[in-house]
Structures are given as structure tokens and as C-alpha cells.
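Below you'll find the structure, written out as C-alpha cells, and then a few comments.
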Amino acid sequence: MARRNSLLLLLLASLTLLLAACMADIDQTITFLADERWEVNLLIAFPAEVAPLAAGSVDSELTTLEQSIESQGGALDWERRNDENGNLTYTVDTSGQGYDMLRDVVGDVQVATETRNGERVIAFTYLPGSDLELASSYTMTLVGGEIISSNGIETGRGQVQWQNPAGTMEAVLTEQSALGANWLLPALIGLVVLALVGAAVFLLSRRRSAGRAAAPAWSALPPEAPPTYLTPEPPRPPTPAAPAPPAGQFCTQCGASLRPGAKFCAACGNPVAPKPY
């Protein structure tokens, strides 16, 4: 059966005297995730004066709480650290699903839900116990998708905070989306995909450029012009021979042919006898 005591109150109940003496600092954060999943992060810091006494008591209590939370299907991880000055710090991280288990972890917290426009809306109410008044400081932070209303101080998108609250803490908020604060991972994946696509395009263009540069020289020459065939000219008609001198027109001295109307033979100079009429 689930334990109906809160993680914080059980620690404070076992350490009331320590808190009264050392005035420890307490920082608690509740994150509302999708589908009624949640996370509780608790940090308690003790000064060096009581660190040896606090260590044994807190270790024993945390081990018992770890077993109880795991039996309900949740998870609890814790870590103890001592700094160089001897101060003692406990970090406790708890996670689970279902707001009934959250009440077991946190204590007198009231969580009511309703659906608005297909989105789960959470009405959160918490009155801290008197044990927290012994702490030097107490900070409560709620983290969700959107803070609709609250009586705390909004410290960021989807975050509201109370410091040393004197009364009931109230807030109305939505659950964090499935990505929630882990938007950085999808963004990085998108950048990696874009980088890979860009690299592939760059390498492909380089490969094409290298292929063109390595082609043989003749491939860059312009294509040869088709052969030109000359059309043969039509045969020219033969030049008519000069008419032969009329019969009898020969030099009586040397027998050379005489030009018409010549008075002397062009070959021997013999006078040509006039032509009888």
C-alpha cells in the first residue's frame, strides 16, 4: 500500500532538530509532463556544522523511500555531496505517473484536472507543513506547458515560483508537451539533417565538376562541320577556231598563209600580188 507521507515531510520529520539548529535551505521543483507524468526534484543543503550528523539519518530515510516509490512503479534517485568547505547537499529526483502517487511524494498537495479544448488543465493547491518553517529558506517551483493563473511569481515560460510562502500556493497550468523542455534535441536533429543534405549536394556538385574537368580534350572541341561537296561546272563550249584563209591566199614566195587584205607576207616580206577582180 502506498505511503501517505510526503518525501519532503518524512525527511523533515526525521531532521526537525537538525533543521531547527542549522536552518537548512530547501529547493523543490515539480514538473507536470504529458499523460499525468511528473517529476519532483528536491535539494536540501546542510551547513558543515551538522553534516556528519545529518548524513546517516538522511541516507537511511532515503533508502526506505526509494523502495517505497519503486514499489508503486515510480523511480527515486538521490545523491549526497560534500563541498570543500564541508557543507552537505542532498539531491533527490523522483518521477512517476498518476497524481495519486504525486500526493504520496509531495504530501498535502491537491491536484485536480479538467480538459479544455482537448488539453488537460491542472489546478494545483499546496499548503506547506509547519516543519518547513524551521528551514532557513524554502523555494517551490512549478513547471508546466503554460501558466494560466497563479498567486506566485512567473519566472519564465511555463514556470511559477514561491519563496518562503506564508500561505497556500495556488496555480492553474497545463501539462508540458511531449517535447517540453527537450525542444533542443529535435532542433539539433533538424540541423544535422540539413547539414547532411547540404554536404551531399556540395559533394555531388564537386563530383560533377571533377568529371567535366577529367574529360578528354577532344570532347571539348566543337563538332566537325559536314564535308562540303563542290558542284562541277558545266562544260564550256569549245572556242571556234579562226577561219582559215580563203583558198589561194598563200605567199607565192614562201607558201605562208596570208592575212586577208595583207599587202606583204608576214613571214618573208614578199609583196602580195593584188587580187584580180
Side-chain angles (χ1 to χ4, degrees), residues 1-14 26-44 58 60-79 90-129 131-132 138-152 154-162 165 167-183 185-186:
M1 180 177 180
R3 297 175 62 173
R4 302 302 298 179
N5 297 311
S6 74
L7 167 64
L8 180 58
L9 292 181
L10 281 173
L11 288 174
L12 296 182
S14 63
I26 301 173
D27 192 337
Q28 188 173 26
T29 301
I30 302 176
T31 303
F32 293 95
L33 303 172
D35 302 325
E36 294 194 6
R37 293 182 296 108
W38 49 263
E39 295 176 353
V40 177
N41 308 106
L42 176 65
L43 185 146
I44 303 179
V58 177
S60 176
E61 187 63 38
L62 286 175
T63 300
T64 302
L65 288 173
E66 183 178 3
Q67 297 172 354
S68 176
I69 295 299
E70 289 180 353
S71 68
Q72 301 179 61
L76 186 149
D77 297 314
W78 60 277
E79 180 182 7
Y90 279 92
T91 303
V92 185
D93 298 322
T94 311
S95 61
Q97 186 171 17
Y99 295 139
D100 288 339
M101 188 190 304
L102 177 63
R103 297 184 189 97
D104 294 336
V105 172
V106 180
D108 296 330
V109 61
Q110 302 297 321
V111 180
T113 62
E114 63 174 300
T115 302
R116 300 180 187 176
N117 299 324
E119 189 174 30
R120 184 182 284 107
V121 177
I122 302 168
F124 174 89
T125 305
Y126 180 42
L127 178 61
D131 293 331
L132 291 176
Y138 172 64
T139 301
M140 164 67 84
T141 304
L142 292 186
V143 180
E146 177 185 0
I147 305 300
I148 299 174
S149 64
S150 75
N151 61 355
E154 295 190 30
T155 57
R157 178 176 175 81
Q159 297 184 9
V160 60
Q161 188 176 89
W162 296 264
T168 302
M169 294 175 280
E170 298 178 346
V172 178
L173 68 161
T174 61
E175 293 178 331
Q176 204 172 76
S177 65
L179 294 178
N182 296 324
W183 60 270
L185 179 60

Donor-acceptor pair, [X] side chain versus [Y] backbone, under 3.5 Å?
X	Y	answer
Asp93	Asp77	no
Glu175	Glu36	yes
Thr174	Glu146	yes

How long is the gap from [atom1] on [X] to [atom2] on [Y], to the nearest 0.5 Å?
X	Y	atom1	atom2	answer
Leu142	Thr29	CG	OG1	8.5 Å
Leu42	Leu76	CG	CG	9.5 Å
Leu33	Gln97	CG	CD	9.5 Å
Gln161	Glu154	CD	CD	12.0 Å
Gln159	Thr141	CD	OG1	7.0 Å
Thr94	Leu102	OG1	CG	10.0 Å

| field | Parallel, tilted or perpendicular, as decided by the 30° and 60° cut-offs, for the rings of Tyr99 and Phe32 | value |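 Rings of Phe32 and Tyr99: perpendicular, over 60°.
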Mind listing the closest non-hydrogen atom pair of [X] and [Y] along with its distance?
X	Y	value
Trp162	Glu170	CZ2-O, 3.4 Å
Val160	Ala171	CG1-CB, 4.4 Å
Val109	Arg103	O-CG, 3.6 Å

| query | Any side-chain heavy atom of Pro128 sitting closer than 4.5 Å to one from Met169? | reply |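 Sidechains of Met169 and Pro128: in contact.
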| Test log, rule side chain to side chain contact (heavy atoms under 4.5 Å, CB included), inputs Ile30 and Tyr126 | CA-CA 12 Å; Ile30 302 176; Tyr126 180 42; over 6 Å; no
| message | Applying side chain to side chain contact (heavy atoms under 4.5 Å, CB included) to Thr113 and Ile122, what does each step give before you reach the verdict? | response | CA-CA 5 Å; Thr113 62; Ile122 302 168; 4.2 Å; yes
| said: Show, in sequence, the C-alpha distance, side-chain angles and deciding distance for Thr168 and Gln110, and conclude whether the side chain to side chain contact (heavy atoms under 4.5 Å, CB included) test is met. | reply: CA-CA 11 Å; Thr168 302; Gln110 302 297 321; over 6 Å; no
